[in-house]
Amino acid sequence: MHPADKLKKFLFTRIKRNKAIPYFHASFIIVLMLLVSCGTNEELKNKFDSDISSLTGAYTNRDWDKVTGLIYPEFFKAVPKQTVIKSLAMLDSLGMKRIFSFKGIDKINGPVIYGGNEYYRVFYKTVITVSVSKPENVNLKELTDEFNEDYGESNVKFQPDGIKFTINALQSVIAVSAAGAGNWKYLELNNEHAFDIVASVLPAAVMKALGGKNP
């Protein structure tokens, strides 16, 4: 184990046990954790890379059990799991097929240590292809306006002949684990609706630190 990781694990353990560490103020401990994390997170980045690739792949393959298995369980207190699955499946019934091509992690913000949990915000690049096979079920103008608002007009290309959108997107998730455990689960944080739901699930201090709408 890297010496910095040993120190980080030690600090996690002390905080969880609520024991004082001589000469260290609690806020200084958190700052020290932030410093310790710098330059030692290649393994963590690879983990996030693998998990987010799996998550986007599960969306493409419509593997809703895998999708919901990667979501932070507290999310389902705000939106029941079956409601999430039905909402995702409804896109298929409307004739909207989404393919996600994961292009890698762009930036990682964090960690934030709060209430025994560790939080990061992970920004990643993906190309989203949305094909509309049943245009009679969709208002294409409204859909175009929605995509332009969410992703920026310059990042959205519409091909009318195939009724297909190609979107170059910078997306983000909040990664959550029990401090030091590495059992990561995720919350998508990409639009106004998602911000409202995630804010109802996460502590206000975490949202304040990681919930900004710009990378």
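None of the values given here were measured: they were computed from a predicted structure.
For the side-chain contact (heavy atoms from CB on, under 4.5 Å) with L189, the lone residue among L202, L210, I174 that qualifies is I174.
Distance check, rounded to the nearest 0.5 Å: CH2 of W64 to OG of S87 gives 10.5 Å. The structure places CD1 of I99 at 9.5 Å from CG of N61, a figure rounded to the nearest 0.5 Å. Separation of atoms CG (N183) and CD (E118) is listed at 10.0 Å; rounding is to 0.5 Å. Here the CG atom belonging to N137 is positioned 7.5 Å from the OG atom belonging to S93, to the nearest 0.5 angstrom. Remark: L170 CG to Y124 OH distance equals 9.5 Å, nearest 0.5 Å. Separating the CD1 atom in I52 from the NZ atom in K103 is a distance of 15.5 Å, to the nearest 0.5 Å.
In the hydrophobic clustering of this structure, I167 does not group with V127; members are Ile, Leu, Val, Met, Phe, Trp, Tyr whose side-chain heavy atoms approach within less than 4.5 Å, directly or through other members. Two different hydrophobic clusters hold L94 and I163 under the rule that ILVMFWY side chains link at heavy-atom gaps under 4.5 Å. One hydrophobic cluster, built from ILVMFWY side chains closer than 4.5 Å, holds both I71 and F195. By the criterion of side-chain heavy atoms lying less than 4.5 angstrom apart, applied directly or through intervening Ile, Leu, Val, Met, Phe, Trp or Tyr residues, L70 is grouped together with V79 in one hydrophobic cluster.
Within the 3.5 Å criterion, the main-chain N or O of T60 finds a donor-acceptor partner in the side chain of R62. Counting only distance, with no hydrogens or angles, the side chain of T56 and the backbone of F102 share no donor-acceptor pair below 3.5 Å. Looking only at distances, a side-chain donor or acceptor of S133 sits under 3.5 Å from a matching main-chain atom of G95. Of the possible donor and acceptor atoms, one in the side chain of T126 sits under 3.5 Å from a partner among the backbone N and O of S101. The main-chain N or O of I197 is found under 3.5 Å from a side-chain atom of S200 such that the two form a donor-acceptor pair. Without hydrogens or angle criteria, S54 side chain to S50 main chain gives a donor-acceptor distance under 3.5 Å.
Annotation for F158: atom CZ counts as buried by contact number, over 12 foreign heavy atoms lying within 6.0 Å. Heavy-atom contacts from other residues, nucleotides or ligands closer than 6.0 Å to CD of Q159 number more than 12.
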Q | F123 vs R121, side chain to side chain contact (heavy atoms under 4.5 Å, CB included): CA-CA, chis, key distance, verdict | A | CA-CA 7 Å; F123 293 88; R121 186 163 180 192; 3.5 Å; yes

Q.
For T144 and F165: C-alpha separation, side-chain torsions, deciding distance, then whether side chain to side chain contact (heavy atoms under 4.5 Å, CB included) applies.
A. CA-CA 8 Å; T144 302; F165 295 87; 3.3 Å; yes

**Q.** Pair V138-M96, side chain to side chain contact (heavy atoms under 4.5 Å, CB included): steps then yes or no
**A.** CA-CA 9 Å; V138 178; M96 292 177 59; 4.1 Å; yes

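Taking the ring centre of Y72 as origin, the terminal cationic atom of K185 falls outside the region bounded by 6.0 Å and 45° from the ring axis.
Between K164 and T129, the shortest heavy-atom contact is CD-CG2, 3.4 Å. Across all their heavy atoms, A194 and N190 have their closest contact at CB-N, 3.9 Å. Heavy-atom minimum distance, A178 versus N117: CA-OD1, 3.5 Å.
Among residue pairs with one or both ends in residues 122-148, those qualifying as salt bridge (Lys or Arg N to Asp or Glu O under 4.0 Å) are D106-K125, K141-D145; sequence neighbours excluded.
At a threshold of 4.0 Å, the pair E42-K45 does not count as salt-bridged, since none of the basic side-chain nitrogens sits closer than that to a carboxylate oxygen. Taking the charged nitrogens against the carboxylate oxygens, K97 and D92 have no contact shorter than 4.0 Å, which rules out a salt bridge.
A donor and an acceptor atom, one from each side chain of Y120 and N109, are nowhere located under 3.5 Å apart.
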